There are 2 protein chains.
Amino acid sequence: MPRKLKNIWRNRRWQGFHEYVDDPRTRLFAALACSQRIEILKLLREGEKCTCDIAPRLRIDISVVSRHLAILKSLGLVESWKEGVNNYYAVVDERIFDILAAASNILKDMAERQRELFDKLR
Amino acid sequence: MPRKLKNIWRNRRWQGFHEYVDDPRTRLFAALACSQRIEILKLLREGEKCTCDIAPRLRIDISVVSRHLAILKSLGLVESWKEGVNNYYAVVDERIFDILAAASNILKDMAERQRELFDKLR
DNA sequence: TACATTATTGCACAACTATGCAATAATACA
DNA sequence: TGTATTATTGCATAGTTGTGCAATAATGTA
């Protein structure tokens, strides 16, 4: 255990499974509570990609992509391997996309209910 | 539109569907990325409850519960109504529990994979 | 070996978030 | 009307998070 945490893991949530006592699902949901990371997952669904493939697609610094990937990897959502100077990443469990789709469906119906409510007020 | 935002909605994410341009699912996942709010949803699944029913169960200040409920309500995950001095809350769409269960399943299998990996290293 | 390419990490910073206390509002009841 | 109960909101604060730049590490190539 390093005396000083690496900067990516500077907080309790991402320190590790053992030290973090909260409902572990909050880590998964926190990982998904960022549109950049959702975009990265969607890109990786197309096929394995290295950090420098992703950065230009999201128009953010490579270092930021690297950190997002580290978070997704720490959860086990993606795996990685080295090929020359490149680090490739791929989705481990496709069911993560079921969760994304379920969230879309719920939000869609929520919006529909909201609309109906407004219609009644007219 | 109020000149100054209410303090609960002091940030972009919770301001409203219209001002927030990110993937709307990030709001849903952010709402679930908090163990207190997950606990609140679980309690409400047992049946409708008012703010003062929930606070002692979670051992946090009523004001905090009130804010968590406001966030869940802003998403449409819960609805509320007044009965005397009490404000009752109830879950709107039970499918939110499907998402919670799906997250559990994914994490369980991730942990299993991790364990197998460590076993191989022995 | 020297240089180029790719990825990660240290650092700094602005913005976001959960929380508790105190003040206020809303309602019921004596 | 005054008092009690419940809920929300203002304010303050410590901790979390996403981001970019610069430095460094890791690898391939001339």
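Chain letters run A, B, ... following the sequence lines, proteins first and then strands; every chain starts at 1. Here the structure is a predicted model, which is why all the values come from computation and not from measurement.
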The contact string for nucleotides 23-30 of chain C, one letter per nucleotide 5' to 3', using protein heavy atoms under 4.0 Å with B, S and - for base, sugar-phosphate only and none, comes out as ---SBS--
Counting primed atoms, P, OP1 and OP2 as sugar-phosphate and everything else as base, the B/S/- map of nucleotides 14-21 of chain D against protein heavy atoms under 4.0 Å is -SSBBBBB
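Between the CZ atom of B:Phe29 and the C1' atom of C:dT17 there is a distance of 19 Å, given to the nearest Å. Whole-Å rounding puts the B:Ile62 CD1 to D:dT9 P distance at 14 Å. We find that CG of A:Asp22 is positioned 14 Å from C1' of C:dT17, with the value rounded to whole Å. The distance between atom CG of B:Leu69 and atom P of C:dA18, rounded to the nearest whole Å, is 13 Å. Straight-line distance from the OH atom of B:Tyr89 to the P atom of D:dA7: 8 Å, rounded to whole Å. Atom CG in A:Leu72 sits about 16 Å away from atom C1' in C:dT8, given to the nearest Å. Atom NZ in A:Lys49 sits roughly 16 Å away from atom P in C:dT6 (whole-Å rounding).
When the side-chain nitrogen and oxygen atoms of B:Asn87 are compared with OP1 and OP2 of D:dT8, one or more of them lie within a distance under 4.0 Å. At the phosphate of C:dT9, neither OP1 nor OP2 sits under 4.0 Å from any side-chain N or O atom of A:Ser66.
Within the 4.5 Å cutoff, no side-chain heavy atoms of A:Ile96 are placed close to those of A:Asp93.
Under the side chain to side chain contact (heavy atoms under 4.5 Å, CB included) criterion, A:Arg59 pairs with no residue, sequence neighbours left out. Residues forming a salt bridge (Lys or Arg N to Asp or Glu O under 4.0 Å) with A:Glu48 (at least two apart in sequence, or on another chain): none. Residues satisfying the side chain to side chain contact (heavy atoms under 4.5 Å, CB included) criterion with A:Ser104, sequence neighbours excluded, are B:Arg25. For B:Ala102, the side chain to side chain contact (heavy atoms under 4.5 Å, CB included) partners at least two apart in sequence or on another chain are A:Ile99.
Both A:Phe29 and A:Met110 sit in one connected hydrophobic cluster of ILVMFWY residues. Membership requires side-chain heavy atoms under 4.5 Å apart, directly or through other members. Residues A:Leu100 and A:Ile71 are members of one and the same hydrophobic cluster, defined by side-chain heavy-atom contacts under 4.5 angstrom among Ile, Leu, Val, Met, Phe, Trp and Tyr. Two different hydrophobic clusters hold B:Tyr88 and B:Val92 under the rule that ILVMFWY side chains link at heavy-atom gaps under 4.5 Å.
Proximity of a side-chain donor or acceptor of B:Arg45 to a complementary backbone N or O of B:Val91 within less than 3.5 Å is not detected.
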